[in-house]
Amino acid sequence: MKYIDGFRDPAAASAFRAKLEEHGKELSDAGRSVCILEVCGSHTMAIARFGIRSLLPDCVDLVSGPGCPVCVTPPGYIDAAIELAGRGVIIATFGDMLNVPGSDSSLAEARADGARIEVCYSPLRAVELALENPDSEVVFLAIGFETTIAPVISIVKQAAASYAANVSLLTAFKLVPPALDALLTDPDLAIDAFLCPAHVSAIIGSNAYEPVVKEYGKTCIVAGFEPLDIMMGIDRIVELAAAGKVACENQYSRVVTPEGNPIALQLMNDLLEPEDAYWRGVGVIPASGLKLKHAYAPYDAQVKFGISVEPGKEHPGCLCGSVIKGSHKPDQCSFFGKACTPDAPVGPCMVSAEGTCAAYYKYLRTT
Ligand code: SF4
């Protein structure tokens, strides 16, 4: 029996496509176009996988943004993790960080050279590692957006409860709303609307995008990850653009609330404070990162080991910085599909399961 998921129903997709064509015609007849930036790497992957770009009218340009946490983490962060590993520290990390290039090497290469790099499926595995290895230090690579910050910092709570003093976090957390501000003030970009991330919005709430609408006059639509969610979100943006309107709307109300997740937000507020953060390809964005508050300094690897995270060296010729901002598409990079493939990535956008180059390579490559 043929099973059709409700969010992938072909008849519903055809109906949305017809609506999108109608709204696109209205926009085009008005002599206008719309540039939409999909903020989230999971949207990027789903859009490529389901061929959604091929359904868009000519007046709609859909570009990929900085919503892949691995991709925006600077090479200097990997360098710092490798330095710690070289001091005998056990590095605990999610697997997608292993092949991300640092300035000169990667964690996978460091592991091949004997460093102890442990891949974790849960952040709390770092506490278990600390308890299993009482004579070693364990550092968890604490990167990510609002989606993952609360579970990652629960390491601190669990370590305190378990009297595990030998675990700490190398933090490089990033916040989405300040990144949208930075993209909108970048003179190289001309973004008209954002397809806002689903996971992040489940934490921060759809109200978090109201300032983008009020201060910049740009539409923000929160959309889920299923193909119909994405089509609905894009269609609504085009409909608003055709009518000459802007709005902040939540098309993913089955998961996202206006206020977000109060428990996660409270935990983040209790343990963390804002800091200026360096984003690969974008540079320093004021108050776009979070670090542990002074009271939690014993769990801050930078304080504990006296190290700092520098921007590091990007591979010359890699356009990841421009791809992350949406000013270039992966196939505009001369390395794409030749010197740079998922098996031999040159930049992080080809490594991550949410990376734009990886999405193009897997689903949109023509050669
Ligand atoms: Fe960087 Fe590779 Fe993407 Fe080029 S194709 S921008 S080298 S990740």
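Throughout, residue positions are numbered sequentially from 1 according to the sequence presented. All ligand and atom numbering here is 1-based and tracks the order in the structure.
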Between atom 2 (Fe) of ligand 1 and C340, is there an N, O or S atom separated by less than 2.8 Å?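 An N, O or S atom of C340 is closer than 2.8 Å to atom 2 (Fe) of ligand 1, so yes.
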
At less than 4.0 angstrom from any non-hydrogen atom of [X], what atoms of ligand 1 do you find?
X    : value
L319 : 1 (Fe), 6 (S)
F335 : 7 (S)
F336 : 5 (S)
M350 : 8 (S)
V346 : 7 (S)

Is there side-chain contact between Y363 and M45, with at least one heavy-atom pair below 4.5 Å?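 With C-beta onward as the side chain, the pair touches.
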
Would C357 count as a contact for atom 1 (Fe) of ligand 1, in the sense that one of its N, O or S atoms lies under 2.8 Å from it?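 Short answer: no, not a single N, O or S atom is under the cut-off.
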
When the aromatic ring centroids of H199 and F145 are compared, is their separation below 6.0 Å?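 H199 vs F145: aromatic centres not under 6.0 Å.
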
What protein heavy atom sits nearest [atom], and how far away is it?
atom                    : answer
atom 8 (S) of ligand 1  : C320 SG, 3.3 Å
atom 4 (Fe) of ligand 1 : C333 SG, 2.3 Å
atom 1 (Fe) of ligand 1 : C318 SG, 2.5 Å

Please step through side chain to side chain donor-acceptor pair (under 3.5 Å) for the pair Y209 and S201, ending with a clear verdict. CA-CA 9 Å; Y209 307 105; S201 304; 2.8 Å; yes

When you check the gap from the basic side-chain N to the acidic O, do R125 and E128 get nearer than 4.0 Å?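 The answer is yes: the pair qualifies as a salt bridge.
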
Do V100 and L84 share a hydrophobic cluster (ILVMFWY, side-chain heavy atoms under 4.5 Å, transitive)?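 Linked within one cluster.
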
In terms of hydrophobic clusters joined by side-chain contacts under 4.5 Å, are V246 and I234 together?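 Unlinked, V246 and I234 end up in two clusters.
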
side-chain contact (heavy atoms from CB on, under 4.5 Å) partner of V156, chosen from V127, L169, L267: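 That would be L169; it is the only one of V127, L169, L267 passing the side-chain contact (heavy atoms from CB on, under 4.5 Å) with V156.
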
